*Asks:* 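Have a look at this one.
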Amino acid sequence: MRILFAADEHRYSADALPQVARLGENTWADIILLGIKSNGAPSPSDASGAKVITTTHIDDKLGAYHKKLLTCFDPETSPYQQTGSDDSSETTIHKQIITRVRAGSPSREILGEAKDAECDLIVIGCSTQEGYTWQEAGDIPLKVARDAACSVLVIKEDKKINKVLCCLDHDNISQESLEMVSQMITLFHADLDIVVLTDGEDVQEKIETKLSWLIDYYSARAIFPCIELVRLKSLETFVSQQARWGLMAMWMGKKSILERVFPSNKVSRLLKANESSVLLLR
Amino acid sequence: MKDALMALQTDLASSIAVRYACRLEKLVHFKMQALHIPDMDENNHPPGSGWVYQTWENAVVQKAREDITKLIQKEHFNYSSWAPKVVPGERDRVILEELRQKKYDFFIEGLLHSFEPDRFFQKLDSDLYRNISCPVLLVKNLVDLDRGIQIVGPPDTISLQLSWYFMTWKGLPVEPDILICHFEPSLEKLTISENDSVLVSDIEEIFLKYDKKPASIKTAKGSPEKLISFVRDHALLVSPLPRSESQIAQMLAMSPCPILFCPETKLD
């Protein structure tokens, strides 16, 4: 598995770093720390005197994050190779933490890196002030969440995650996404709610069968998911009320009703309606 | 040993109810009798009359018995000492008749928790719930029993609920919490206090009779929407059996927890 952590110099990135460490440790994933430098054009914040991100600055910051990431692991059991280590005589499996800086439009570069490196998950922190900004530019987490081909975890600043809400509207769920949800529950010591979207009629038999299987799957891991039915017409109201619980996980697939209710160009509406962190599973 | 009647359909709600009941039975032993009422109008109307109808009805009942037996076997429902009963008819009437005939100590059924409360309210207003004389365990979700039990309700219902609770499940090795609810929709803020109700000594006296003590006694004042945060995380809530238009019903509709509804009938 490969995790891409898009980081900048703000607190929300520093706060998200330990979560990335734990995810990496639990999944034995390679981790890419990605910073984006501006391409020389003045940033919107220049007029107000806010600092412009320089190459040196982002390099230093990523270096600091890299060092901090390594300290999150027990050196005796860490799967991550230390920088400069060249011990090829051991047969221990090592995973990598790679630091990379790209230049250009942040969302385009993040998506480009995720595609080039064939990442399974993009993790990005963001501020909850004034439209979920990242690098003092608006909507970058939203654009990444909207356009990524892989799963995306947007960790919102200062939001404690007590519960993972998984929205389910079809029976086609991959093992990888189930494991991703399990990781989130473990990572945040959270409860699990499975939200079943209906059109007002009874739940389809094949979805009930899948739910029964999910209950078995999670019960075997000592996780007792709470099932809640939500009518499609109430979904936006429901989503806006769930902000207090912490993390909304959505399966976005071709068969997904969510793709119709919140199609790609409206994922931003979903993320903005919901103050909690969001995991989009693809 | 207590006797419980469990109404089963071949759906997820019943599957969850069976799993929950089996876990509960490990803590406080009781016998369970499964009862299934097949949907005779499913897909088509009964054909003809006389022996044609009877043949069709027998076939439906036999198919239903096979389906329910599969569900029971799948959920390792080993606690019933009787084969599942399959009785055609109007659901509420069949259940009430079965409860009347054999004097069960409580009734169990499943209902998937829903964001929209209409199905929950329909259940509360049904003939079954309006006329039942024993406690009802309505299972909305499979919850870890380590989450604890909470007895909730307005001040004038708590003593009766406690009596029903101990009569039904005094063997449960769990000290329940008590939440005395004062529903005041006009209050903007929720107020919560501990051990300051005039009922504290009465409550403790009831617990003492059964050699138990409450985990906590809290009093909460506010609207149903504000009180919901207290009824979301327990393995079981014990509540009076309310009407759908009541404020406690509005609060419980939003709770995903299994609920033991206690009838208004005073115990001897």
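Throughout, protein chains are lettered first and strands after them, A, B, ... in sequence-line order, and every chain is numbered starting at 1. Just so we're clear, the structure is a prediction, and the values are computed from it rather than from any experiment.
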*Asks:* I need the minimum non-hydrogen distance between A/Leu229 and B/Glu116, along with the two atoms involved.
*Replies:* O-OE1, 3.9 Å

*Asks:* Any non-hydrogen side-chain atom of A/Asp216 less than 4.5 Å from a side-chain atom of B/Arg19?
*Replies:* yes

*Asks:* With a 4.5 Å heavy-atom cut-off, do A/Glu228 and B/Leu112 have their side chains touching?
*Replies:* no

*Asks:* With a 4.5 Å limit on heavy-atom distance, are the side chains of B/Val143 and A/Phe224 in contact?
*Replies:* no

*Asks:* Taking C-beta and beyond as the side chain, do B/Leu142 and A/Ile227 meet within less than 4.5 Å on heavy atoms?
*Replies:* no

*Asks:* Heavy-atom distances under 4.5 Å only: say whether B/Asp146 touches chain A with side chain, backbone, both or neither.
*Replies:* neither

*Asks:* Can you tell me how far OG of B/Ser114 sits from CZ of A/Arg231, rounded to the nearest 0.5 angstrom?
*Replies:* 6.0 Å

*Asks:* Any non-hydrogen side-chain atom of B/Leu12 less than 4.5 Å from a side-chain atom of A/Lys210?
*Replies:* no

*Asks:* Let me confirm one number: the SG-CG distance from A/Cys226 to B/Asn141, rounded to the nearest 0.5 Å.
*Replies:* 4.0 Å

*Asks:* To the nearest 0.5 Å, what is the distance between OG1 on A/Thr237 and CZ on B/Phe115?
*Replies:* 6.0 Å

*Asks:* About how many Å separate CG of B/Asp233 and NZ of A/Lys163, when rounded to the nearest 0.5 Å?
*Replies:* 6.0 Å

*Asks:* What verdict does the side chain to side chain contact (heavy atoms under 4.5 Å, CB included) test give for A/Asp191 and B/Arg232, after you've listed the backbone C-alpha separation in whole Å, the side-chain angles of each residue and the deciding distance to 0.1 Å?
*Replies:* CA-CA 12 Å; A/Asp191 294 327; B/Arg232 288 197 67 94; over 6 Å; no

*Asks:* Does B/Glu245, at its CD atom, have more than 12 non-hydrogen atoms belonging to other residues, nucleotides or ligands within less than 6.0 Å?
*Replies:* yes

*Asks:* What part of A/Thr209 gets within 4.5 angstrom of chain B, counting heavy atoms only: side chain, backbone, both, or neither?
*Replies:* neither

